[in-house]
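Input: a single structure, listed below in structure tokens.
Just so you know, these numbers use all the heavy atoms, side chains as well, and skip hydrogens, waters and symmetry mates. Keep in mind the model is a prediction, meaning the values are calculated, not measured.
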Amino acid sequence: AGETQYLIARNWIRAWKDFVVFDITLLTKDVPPPGPIDNSPIMEEVNGEMTVKSKLFSGYDYETVSEPIWKTLQQWYGGGPEIPRTVIETGFTKRL
């Protein structure tokens with residue numbers, strides 16, 4: 001409990017995984033770098049301020065990474081915005 005996870009838009013994570021050959025079937029393909037982290041697909045403007053969209057689904061709209069992973073990816077690729085969330089334990093499950 002109290003651990004911080006960072007949301008990253010699924011489409012950027014997918015592009016990054018393709019680039020680093022996360023899937024062995026892509027080994028023969030020349031995949032370009034993913035570019036800066038782009039969390040805009042999971043953000044929206046509400047009353048003049050950018051906020052995380054409601055009704056997003058983990059694994060479909062976004063994935064979460066630990067703080068050290070977020071800091072490393074952000075240092076290497078730039079972009080954002082940073083979307084930290086505190087993990088809350090409820091019984092045997094954890095949720096953001």
Test side-chain contact (heavy atoms from CB on, under 4.5 Å) on Glu44 and Thr51; report intermediate values, then the result.
CA-CA 6 Å; Glu44 65 184 349; Thr51 185; 4.1 Å; yes
Going from [atom1] on [X] to [atom2] on [Y], what distance comes out if it is rounded to the nearest 0.5 angstrom?
{"X": "Asn11", "Y": "Trp16", "atom1": "CG", "atom2": "CH2", "value": "15.0 Å"}
{"X": "Phe57", "Y": "Arg10", "atom1": "CZ", "atom2": "CZ", "value": "14.5 Å"}
{"X": "Lys53", "Y": "Met43", "atom1": "NZ", "atom2": "CE", "value": "10.0 Å"}
{"X": "Glu67", "Y": "Lys71", "atom1": "CD", "atom2": "NZ", "value": "5.0 Å"}
{"X": "Ile42", "Y": "Tyr62", "atom1": "CD1", "atom2": "OH", "value": "8.5 Å"}
{"X": "Ile8", "Y": "Asp61", "atom1": "CD1", "atom2": "CG", "value": "14.5 Å"}

Give the minimum heavy-atom separation between Asp38 and Ala9, together with the two atoms involved.
O-CB, 3.4 Å
With side chains defined as the heavy atoms from C-beta onward, is the minimum distance between Glu63 and Arg14 less than 4.5 Å?
no
Taking the side chain as C-beta and beyond, is there a heavy-atom pair between Tyr6 and Glu82 under 4.5 Å?
yes
Give a yes or no on whether Leu7 and Val46 share a hydrophobic cluster (residues Ile, Leu, Val, Met, Phe, Trp, Tyr; joining criterion: side-chain heavy atoms under 4.5 Å apart).
no
Ignoring hydrogens and angles, tell me if any N or O in the side chain of Trp12 forms a donor-acceptor pair with the backbone of Pro36 under 3.5 Å.
yes
Does Gly79 offer a backbone N or O that forms a donor-acceptor pair with the side chain of Gln74 under 3.5 Å?
yes
Sort out for me which residue in Thr4, Thr64, Ile37, Ile83 forms a side-chain contact (heavy atoms from CB on, under 4.5 Å) with Trp70.
Ile37
